[in-house]
2 protein chains.
Amino acid sequence: MKFSSKVRYGTRALLELALRWGEGPVPLKDIARRQQIPLPYLEHLICPLVQAGIVKSARGTRGGVMLLKPPGEIILSEVIDLLEGPGNAAEYGDKALECRDYSAAYDVWDEVTEQVNRVFESITLQSLVERQQLKSRVG
Amino acid sequence: MKFSSKVRYGTRALLELALRWGEGPVPLKDIARRQQIPLPYLEHLICPLVQAGIVKSARGTRGGVMLLKPPGEIILSEVIDLLEGPGNAAEYGDKALECRDYSAAYDVWDEVTEQVNRVFESITLQSLVERQQLKSRVG
DNA sequence: ACATTGTTGACCAAACTGGTCAACAACGAG
DNA sequence: CTCGTTGTTGACCAGTTTGGTCAACAATGT
C-alpha cells in the first residue's frame, strides 16, 4: 500500500508524455528537467516502458521518447505493473500454504488486491492529465 | 502498492482474533501457531495494535490478546495505518514542490491514494471473516 | 514463589531504494 | 565519414527497510 518512487517518477514521466501527445519524440533530458527527475534515474525508469511497448524511443539528434498509445488507452495498473515488476500486491510466503487446515487470510488478501486493482484499472493517463489541468487552472 | 508482510501478518493475526471474538484472551503463542507467524515477530506486530487501543492484552497465566471492538467495526484502513505507520501512500519528495510552474503529478497521486483508501475503508474485519468462511466452506 | 504470558529494546542479515557513473549503441546532421 | 546527440545497459553504492531473532524485563494468575 505504498508506492515506490519508481512508480511515482515513472507516472510523472508518462504524464509529461501524455501532455505532449502528438508532439513527436521528447528527449529524456526534457522530461527530467520538467518533472524534476534525476536524468540517470529516469533512464532506468523508461527502459521497461520501452520494452513493454507502451513507449517508443528514438535515438539520435532529434530523438526522444513518446507514447505509442493515446493517453486514454493507458491504464494505471499497467504502468504500475511495468514499473514495480509483477506481483504488485500481497505475496504471502510459502509457509502459509501449510496451515490450510484452520483459518487463514490468504485469499483475503487476494480479495483486497483485486479491489485495489480495480481502482487502478479505472484510471487512465488521460484522466490524470485532465485532473491535473483542472487543478493547475485553479491554482 | 505493495503490502508489507507486517501488514499481511498483522491482518492475519487480527483475523484470527476476529474468528475468536468473544472467547476471551487468546495467547500470542496460539495465534502464531495457527497463522504461521514467527512468535517473536508477532509480538512486535501486536504492540502498536495494543497501544492504539484496537486490541487489549492481558498478561499472566491465562492471559492473551483480544479485540476491543467487534470485528464489524474495525476497518482495514485503520489496521494498515497502524501497522505501516502514517503516510500509507504516495509521499513525493520535497523537490517536487519547486517545479509547480509547469505540469506535475503531485495531486494526481493524492487522488489515486484517496481512491485506494476508500477501498480500505469499506472493508472490515468482519467482512474478511465472512469471505474467509465462505471460501473454506467450499474448499 | 513460580510459571506463564505480554513488553521492550538491542541486534542482525538480506533485500530493496534511490541514485550515480561510465561504457556502449544507434541515429541525424554536416 | 564523422561527430555530437540521445537512448541503453550494466556496474556500483550508500542508506533504509524488512523480516526476524535473542534476551531481559514486567505483570498476572495459581
Side-chain angles (χ1 to χ4, degrees), chain A residues 1-13 17 24-33 35-66 68 83-88 90-96, chain B residues 1-13 17 24-33 35-66 68 83-88 90-96:
Chain A
M1 58 139 222
K2 190 181 286 183
F3 298 103
S4 64
S5 80
K6 207 181 295 187
V7 167
R8 281 181 277 121
Y9 278 158
T11 309
R12 269 160 67 182
L17 291 181
V26 179
L28 292 188
K29 203 192 306 178
D30 240 46
I31 302 174
R33 180 164 31 85
Q35 295 288 342
Q36 302 286 329
I37 306 169
L39 178 56
Y41 194 47
L42 178 60
E43 291 167 354
H44 287 307
L45 293 183
I46 287 292
C47 211
L49 298 178
V50 171
Q51 288 170 344
I54 177 180
V55 154
K56 186 187 169 190
S57 69
R59 311 192 198 198
T61 307
R62 292 203 44 193
V65 138
M66 55 188 292
L68 265 180
L83 291 173
E84 204 111 332
N88 61 339
E91 280 179 11
Y92 18 80
D94 319 314
K95 304 178 194 169
Chain B
M1 58 138 222
K2 190 181 288 181
F3 298 103
S4 64
S5 80
K6 206 181 295 185
V7 167
R8 281 179 278 121
Y9 279 158
T11 309
R12 270 162 64 183
L17 291 181
V26 179
L28 292 188
K29 203 193 304 177
D30 240 47
I31 303 174
R33 180 165 31 85
Q35 294 288 342
Q36 301 288 326
I37 306 170
L39 177 57
Y41 195 46
L42 177 59
E43 292 167 354
H44 286 308
L45 293 183
I46 287 292
C47 211
L49 299 179
V50 171
Q51 288 170 345
I54 178 180
V55 154
K56 186 188 168 188
S57 68
R59 312 192 197 196
T61 307
R62 293 203 44 194
V65 136
M66 56 187 293
L68 266 179
L83 291 173
E84 201 111 333
N88 61 340
E91 281 179 11
Y92 20 82
D94 319 315
K95 304 177 193 169

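Not measured: the values here are computed from a predicted model. Every chain is numbered from 1 and lettered A, B, ... according to where its sequence line falls, protein lines coming before strand lines.
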| task | Mind calculating the distance between CG (A/Asp30) and P (D/dT5) to the nearest angstrom? | result | 15 Å

| Within the structure, does a side-chain N or O atom of B/Ser57 lie under 4.0 Å from either OP1 or OP2 of C/dT7? | yes

| message | Tell me the interatomic distance from A/Leu42, atom CG, to D/dT6, atom C1', rounded to whole angstroms. | response | 12 Å

| said: Give me the atom names and distance for the closest heavy-atom approach of B/Ser4 to B/Glu84. | reply: OG-OE1, 2.9 Å

| request: Could you tell me which non-hydrogen atom of B/Val50 sits nearest to which non-hydrogen atom of B/Ser57, and how far apart they are? | output: CG1-OG, 4.0 Å

| Under-4.0 Å side-chain N/O to phosphate OP1/OP2 contact, A/Tyr9 with C/dG19 | yes

Look for any protein N or O under 3.5 Å of an N or O in nucleotides 8-11 of chain C and output each such pair with its distance, or none.
from: C/dG9; atom 1: O6; to: B/His44; atom 2: NE2; distance (Å): 3.1

| query | DNA chain D: B/Leu39 or A/Leu28, which has the more 5' nearest nucleotide? | reply | A/Leu28

| Positive for side chain to side chain contact (heavy atoms under 4.5 Å, CB included) with A/Val65, one of A/Val26, A/Leu28, A/Asp30 | A/Leu28

| field | Between P of D/dC3 and CZ of A/Arg62, the distance in whole Å | value | 23 Å

| request: State which of D/dG19, C/dT7, C/dG28 makes the closest approach to the side chain of B/Arg8. | output: D/dG19

| query | OP1 or OP2 of D/dG19 sitting under 4.0 Å from any side-chain N/O of B/Lys6? | reply | no

| said: Please pick, from D/dA26, D/dG19, C/dA29, the nucleotide with the shortest atom-to-atom distance to any side-chain atom of B/Arg59. | reply: D/dA26

| remark: Residue pair B/Ala58/B/Tyr41 against DNA chain D: nearer the 5' end by closest nucleotide is B/Tyr41

| task | Of all the heavy-atom pairs spanning B/Leu45 and B/Gly10, show the shortest one and how long it is. | result | CD1-N, 3.8 Å

| query | Can you tell me how far P of D/dA27 sits from NZ of B/Lys56, to the nearest Å? | reply | 16 Å

| Verdict with reasoning, A/His44 to A/Lys6, per side-chain contact (heavy atoms from CB on, under 4.5 Å) | CA-CA 9 Å; A/His44 287 307; A/Lys6 207 181 295 187; over 6 Å; no

| message | To check you understand the geometry: which heavy-atom pair defines the closest contact between A/Ala13 and A/Leu42, and what is its length? | response | CB-CD1, 3.9 Å

| A/Leu45 has an atom CG; how far is it from atom C1' of C/dT17, in whole Å? | 12 Å

| message | Output the rounded distance in Å from CD (A/Glu84) to P (C/dC16). | response | 12 Å

| request: Would you check if A/Cys47 and A/Glu43 make a side-chain contact, meaning some heavy-atom pair closer than 4.5 Å? | output: no

| request: Would you kindly give the CD-to-P distance between A/Gln36 and C/dG18, to the nearest whole Å? | output: 17 Å

| message | Reading DNA chain C from 5' onward, which residue's closest nucleotide shows up sooner: A/Ser5 or B/Gly63? | response | B/Gly63

| Taking NZ from B/Lys29 and P from C/dA3, how many angstroms apart are they, rounded to a whole number? | 14 Å

